[in-house]
Q: 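Got a structure for you, questions after.
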Amino acid sequence: MTRPQTMLDKVWDDHVVRSAPGEPDLLYVDMHLIHEVTSPQAFESLSLAGRRVRRPELCMATVDHGIPTVGRELGIRDPQSKRQIEALEQNCAEHGITLFGVDDLRQGIVHIIGPEQGLTQPGMVIVCGDSHTSTHGAFGALAIGIGTSEVGHVLATQTLPRHKPGSLAITVDGDLPLGVTAKDIILGIIREIGVNGGYETVIEYRGSTIAGLSMAGRMTVCNMSIEAGATAGMIAPDETTFAYLEGKPYVPTGAMWDEMVAFWQTIPSDGDAVFDREVAIDAAALAPFVSWGINPAQVVEITGRVPSPDSFDDPRERDGAARALDYMDLEAGTAMTDIGIDRVFFGSCTNARIEDLRAGAEVIRGRTVHPDVDAMVVPGSGLVKLQAEEEGLDRIYKEAGFEWRDAGCSMCLAMNDDILSPGERCASTSNRNFEGRQGRGGRTHLVSPQMAVAAALAGHFVDIREWQ
Amino acid sequence: MKPVSIVEGQMAPLPDANIDTDQIIPKQFLKGVKRTGLGPNLFYNWAHDVEGEREPAFVLNRPEYAEASVLVAGPNFGCGSSREHAVWSLHDAGFDAILAPSFGPILENNCYQNGLLPVVLSEEDAAKFAELATDPANSVTIDLPAQQVSSGDFTATFDIDPHVKQRLLNGWDQVDITLQSVADIEAYESSRPRFMPALG
Ligand code: SF4
């Protein structure tokens, strides 16, 4: 009898090119996603060593991190960003890599367009020079974020050397309460296990709540696996996954489709598979969350208050909370709903898919953005933007006073002109509330799309459950 | 990559938990196409005020730490983004090793790729070195072959993946090592499922 296997075991074993005692396994990479910021030095090393890209047809590139989200038709004004984008264009042309470039309708945040194009599929190993590569695990792929040197390694060899991480099962069961979203699930999980709680593991999210999520919701959950310190996050492929993929541009049809689905059905963990560690989360206990601090475990229910550092037993958490309150300019004991905001950023690979834009638009119902708030919506890809426009969502946002931008990472990391000024407070649908992430001195509060839109309209955080 | 064996030098303490790569090297310095010249931007927002003037109180700006080559950090050092610029800037600023109870997973790999030694210590040992580092007169020696770190009469041991250790000691490039297995890669490729996506 063979030992029952986890999904991680299966995908891992399927990709081992070479295995030797005391050495990392050499894993084959099925898809290598590339963007302009972490790749130029990798291509440079490749050229210096006189090497070629081993499998250019297994690479896909786009521009997302530094690209402007407004006025693109005038060209890229920032000379450095322009040079980076040109470097990517040149590298892709030279090595025969498909690029969804500045003028391509399919351009967008790399983690949004991989799935959108059907390049992300169950059972694959996917890498990208980007920590939020974990997003693709929502399809039952093993998706690992890597640094630039490893990007160069994958370009040259189409493989990645890795020791196999441990396995952590996080089971979320039960119906999601009204107003609680996939974003709140993952924020709740990170609060529970901590920003280091997934260290040296691959998380498998499972349970009825996870199975009940759309692909968009599953991507939101897997996206933030890195915020729990995990190597990757995965969710078992099922009918929801297959229905999402059917008809996508890079997904075959006919007999090949049947063959693929049969393979995909073998990927989920065996029923009696054993994980190194297990955590159970009760969906009924989740609420809409807002972050109050400078790491994504520092979150509280919208009905809660900014905690006092003294409420933490662990001295490191206490120090961290004190530092966070100082940076965030918050008083312990303040009700979250009393915190006023200056800006709203609705975007990022966490929450800028069409489902997110629809859910946010639902909240508006004829109301307008609070006069003290600047709010922007940045769709995750050109195709998401187009779809939203076809559905009339752009009009709803624009009429409410939101700016409607072109696709890119934008103020998730603020490499372009979309940036907070010092002291500005922002409700953001992104994934990182690190100091200065959205602009030096800027104060980020992570929330779901619905909560971000409601905050834009009210001028402060509101409990979406009561506000509808 | 230059071989790494014994690292000796001055320590600088930065023991807060969860120092992320956005702090190590802020986004405005990710726009280059080279690996070099990032040292002056290390911890930019902590090292400079909003006008761009140096913050004299920041530990790495204090003259007595000017020669520091070993950073003593807290748990989960370098969590967050995959930007290898974090490692390039640390290296360029003269750091050869980091002592910490744990590292962000991508940063740890990035360190190995660049011959910057990430030394994983127990919480207690890391705290002890952080305390020793508060006296700039204390130096530290990291002996990679012996897997030992010592400062004065305090010594701690550390674990490191034997394969990575070999690679660091010999300064081997990972791509060169992997390309020795090209036959295995070709064999794997010939049996890959034909339905996996491809572009172009
Ligand atoms: S949207 Fe933000 S988190 Fe996602 S890839 Fe872009 S910068 Fe990274």
Side-chain angles (χ1 to χ4, degrees), chain A residues 17-18 22-24 26 28 30-31 37-38 40-41 56-58 60 66 80-81 83-84 87 96 98 118-119 121 124 129-131 145-150 152-153 156-159 161 163 195-196 199 229 231 250 252 256 259-260 263 295 316 320 413-415 422 432 434-437 440, chain B residues 16-18 20-23 26-28 30-35 44-46 50 74-76 79-88 102 104-107 109-110 112-114 161-164 173-179 181-182 184-185 187-189 192-200:
Chain A
V17 166
R18 180 178 179 276
E23 289 181 33
L26 196 59
Y28 199 77
D30 295 308
M31 187 55 58
V37 171
T38 57
Q41 296 87 350
E57 75 280 17
L58 303 185
M60 182 275 275
Q80 281 188 297
S81 294
R83 205 156 132 238
Q84 255 184 352
T98 301
L119 292 167
Q121 296 178 8
M124 293 172 68
D130 193 277
S131 56
I146 58 177
T148 296
S149 294
E150 291 192 321
H153 185 278
T157 69
Q158 202 58 33
T159 63
H163 288 288
V195 291
N196 213 1
Y199 189 53
T231 302
Y250 287 95
M256 192 95 103
E259 195 186 329
M260 292 175 84
F263 166 63
N295 77 49
R316 283 211 184 267
L413 91 164
M415 262 186 88
R432 286 191 174 136
F434 296 159
E435 255 184 80
R437 170 83 176 177
R440 182 166 186 177
Chain B
D16 287 332
N18 305 318
D20 58 78
T21 52
D22 274 83
Q23 310 316 314
K27 74 286 224 108
Q28 65 267 34
L30 311 184
K31 293 182 179 179
V33 293
K34 301 280 174 204
R35 294 168 193 252
Y44 187 88
N45 290 352
W46 292 354
V50 276
N76 207 19
C79 59
S81 129
S82 70
R83 57 187 76 167
E84 200 161 311
H85 309 69
V87 173
W88 300 332
S102 60
I106 308 179
L107 180 106
N109 275 314
N110 289 344
Y112 295 137
Q113 301 293 334
N114 290 276
D161 169 20
H163 177 76
V164 167
D173 174 58
Q174 181 67 53
V175 179
D176 289 335
I177 298 176
T178 299
L179 286 175
S181 302
V182 84
D184 295 317
I185 299 173
Y188 181 91
E189 284 176 331
R192 253 183 109 235
R194 63 201 175 104
F195 49 71
M196 291 274 185
L199 298 102

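Because the structure is a prediction, the values reported are computed rather than measured.
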Q: Would you mind telling me which of B/Ala86, B/Gly104, B/Gly80 has the largest number of heavy-atom pairs within less than 4.5 Å of chain A?
A: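 Answer, by heavy-atom pair count under 4.5 Å with chain A: B/Gly80.
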Q: Taking all atoms of both residues into account, what is the closest heavy-atom pair of B/Leu179 and A/Ala156, and its distance?
A: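 Looking at all heavy atoms of both residues, the closest pair is CD2-O, 4.2 Å.
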Q: Who among A/Thr231, A/Thr38, A/Val37, A/Asn295 has the most heavy-atom pairs with chain B under 4.5 Å?
A: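 Option with the greatest count: A/Val37.
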Q: List in chain and number order the residues that pass side-chain contact (heavy atoms from CB on, under 4.5 Å) with B/Asn114, two or more places apart in sequence or in another chain; answer none if no residue qualifies.
A: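 So B/Asn114 forms a side-chain contact (heavy atoms from CB on, under 4.5 Å) with A/Ser149, B/Arg35, B/Glu84, B/Val87, B/Trp88, B/His91.
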Q: Where do A/Gly147 and B/Ile106 come nearest, in terms of heavy atoms and distance?
A: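 Shortest heavy-atom separation between A/Gly147 and B/Ile106 comes out as N-CG2, 3.8 Å.
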Q: Tell me, do B/Tyr112 and A/Glu150 make a side-chain contact under 4.5 Å, heavy atoms counted?
A: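 Contact flag for B/Tyr112/A/Glu150 side chains = no.
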Q: So, for B/Leu30 and A/Gln84, which heavy atoms are closest and what is the spacing to 0.1 Å?
A: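 Closest heavy-atom pair between B/Leu30 and A/Gln84: O-NE2, 2.7 Å.
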Q: Contact part of B/Asp161 toward chain A, heavy-atom cut-off under 4.5 Å: side chain, backbone, both or neither?
A: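 Side chain only.
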Q: Got a sec, which residues hit side-chain contact (heavy atoms from CB on, under 4.5 Å) with B/Ala198, two or more places apart in sequence or on another chain?
A: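 With neighbours one apart ignored, the set is A/Glu57, A/Leu58.
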Q: Going by heavy atoms in the side chains, are B/Pro197 and A/Met124 under 4.5 Å from each other?
A: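 Heavy-atom side-chain distance check passes, below 4.5 Å.
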Q: If you compare all heavy atoms of B/Phe195 against all heavy atoms of A/Gln121, which two are closest, and at what distance to 0.1 Å?
A: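 Taking every non-hydrogen atom into account, O-OE1, 4.1 Å.
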Q: Contact part of B/Asn45 toward chain A, heavy-atom cut-off under 4.5 Å: side chain, backbone, both or neither?
A: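 Contact with chain A involves both backbone and side-chain atoms of B/Asn45.
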Q: Go through the atoms of B/Asn18 and report whether side chain, backbone, both or neither lie under 4.5 Å from a heavy atom of chain A.
A: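 Side chain of B/Asn18 only, per the 4.5 Å heavy-atom cut-off to chain A.
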Q: Please report the shortest heavy-atom distance between A/Arg18 and B/Ser181, naming the atom on each side.
A: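 Closest heavy-atom pair between A/Arg18 and B/Ser181: CD-OG, 3.0 Å.
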Q: Give, as side chain, backbone, both or neither, the part of B/Arg194 having an atom under 4.5 angstrom from any heavy atom of chain A.
A: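 Both parts, backbone and side chain.
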Q: Can you give me the closest heavy-atom contact between B/Pro75 and A/Arg316, atom names plus distance?
A: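 Heavy atoms only, the tightest pair is CD-CZ, 3.3 Å.
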Q: Please rank B/Ser102, B/Ala187, B/Gly74 by heavy-atom pairs under 4.5 Å with chain A and give me the top one.
A: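 When all of B/Ser102, B/Ala187, B/Gly74 are compared, B/Ser102 has the most.
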